[in-house]
Protein chains: 2
Amino acid sequence: MIELFKALSNRKGLEILHGLKHPEKHFPPQDEGDVHTVGVCFSSIQEGVGLSQSTVSDYLATLQRASLVEVRRIGQWTYYKRNEATIRALAEILGKGGS
Amino acid sequence: MIELFKALSNRKGLEILHGLKHPEKHFPPQDEGDVHTVGVCFSSIQEGVGLSQSTVSDYLATLQRASLVEVRRIGQWTYYKRNEATIRALAEILGKGGS
DNA sequence: TGATTATATCGGAATTATCCGATATGTCAA
DNA sequence: TTGACATATCGGATAATTCCGATATAATCA
């Protein structure tokens, strides 16, 4: 839970998470796999946010630790998509009695 | 909007905001004014979070700038309560297409 | 007015976050 | 198994945050 807020506290983290909601608007198209079912591949995200490879990897790891994104590896590529369940739960906590 | 996420990105800020939801659980009782209608007075919040006067003042100012809390000054006391409208709006943004 | 109490603002020390390059690992293709 | 590519991890430089004490302001009361 603490990990979750920490991940959300980050500008770029939020930017990635938002971008993953509408990938075609925020990230360049990828060669294989539908962005909404499989997810967005790493390099596409990296290009979209415009940070170094290692930095983007760090952010994605943080988002994953907070289970704000789901990760799927296919061959040599890694695909990321939002974990809507976690996000919905957080929204509920915020909206109702929560923090 | 950016100011808002920045305020929420903060552990103690979140703690205060959460405390303000159930003041009787998180802050010592105050002499005058109902915590739910008037708000919680500064010194009560300060005692609750256990930080210096100036630090707590900083946090409350940040929360106010983000309109996450409403502030009312009565005489020499300042009362704070959650701005549920802002919080609800944020929850909605999170839950729906938002960041 | 001057003393007292409540809160705000300011400057800075210590901690933490951001972001990078270098390097390691994991996967596939030849 | 080697080489090429995709991604992860590590160490560190710089920038930002956290939190404090000192001090300023604001309100009240004698």
Next on the checklist: Tell me whether the side-chain N/O atoms of Thr55(A) come closer than 4.0 Å to OP1 or OP2 in dC19(C).
Outcome noted: no
Item to check | Whole-Å gap separating P (dA17(C)) and CZ (Arg65(A)) | outcome: 11 Å
Checklist entry - Can you give one letter per nucleotide of nucleotides 23-30 of chain D, going 5' to 3': B for a protein heavy atom under 4.0 Å from the base, S for sugar-phosphate only, - for none? => result ----SS--
Item to check | Check: Phe27(A) main-chain N/O paired with Ser44(A) side-chain donor or acceptor under 3.5 Å | outcome: no
Item to check | Nucleotide dT18(C), atom C1' - distance to CG of Asp58(A) in whole Å | outcome: 9 Å
Next on the checklist: Once you apply a heavy-atom cut-off of 4.0 Å, does Ser57(B) come out as touching a base, just sugar-phosphate, or nothing?
Outcome noted: base
Next on the checklist: What is the separation between atom CG on Leu60(A) and atom P on dT18(C), rounded to the nearest whole Å?
Outcome noted: 14 Å
Checklist outcome for this item: When rounded to whole Å, the CD to P distance for the pair Glu47(A) and dA6(D) reads 12 Å
Item to check | Nearest-angstrom distance from the residue atom CG of Asn10(A) to P of dA15(D) | outcome: 18 Å
Checklist entry - Hey, any chance Leu20(B) and Trp77(B) share a hydrophobic cluster, counting ILVMFWY side chains that come within less than 4.5 Å of each other, even indirectly? => result no
Item to check | Nearest-0.5 Å distance, CG of residue Asp34(A) to NZ of residue Lys81(A) | outcome: 9.0 Å
Checklist entry - Atom CG of Leu51(A) and atom C1' of dA17(C): how far apart are they, to the nearest Å? => result 13 Å
Checklist entry - Over how many whole Å does the gap from Asp31(A) atom CG to dC5(D) atom P extend? => result 14 Å
Checklist entry - Do we see a donor-acceptor contact under 3.5 Å between the side chains of Ser57(B) and Ser54(B)? => result no
Item to check | Whole-Å distance separating the NZ atom of Lys6(B) from the C1' atom of dA16(D) | outcome: 9 Å
Next on the checklist: Tell me whether the side-chain N/O atoms of Tyr59(A) come closer than 4.0 Å to OP1 or OP2 in dC19(C).
Outcome noted: yes
Item to check | Nearest-nucleotide pick for Cys41(B), side chain only, options being dT18(D), dC19(C), dT7(C) | outcome: dT7(C)
Item to check | Residue-phosphate contact under 4.0 Å: Ser54(A) side-chain N/O, dA8(D) OP1/OP2 | outcome: no
Next on the checklist: Base, sugar-phosphate or nothing for Tyr80(A)? Non-hydrogen atoms, less than 4.0 Å.
Outcome noted: sugar-phosphate
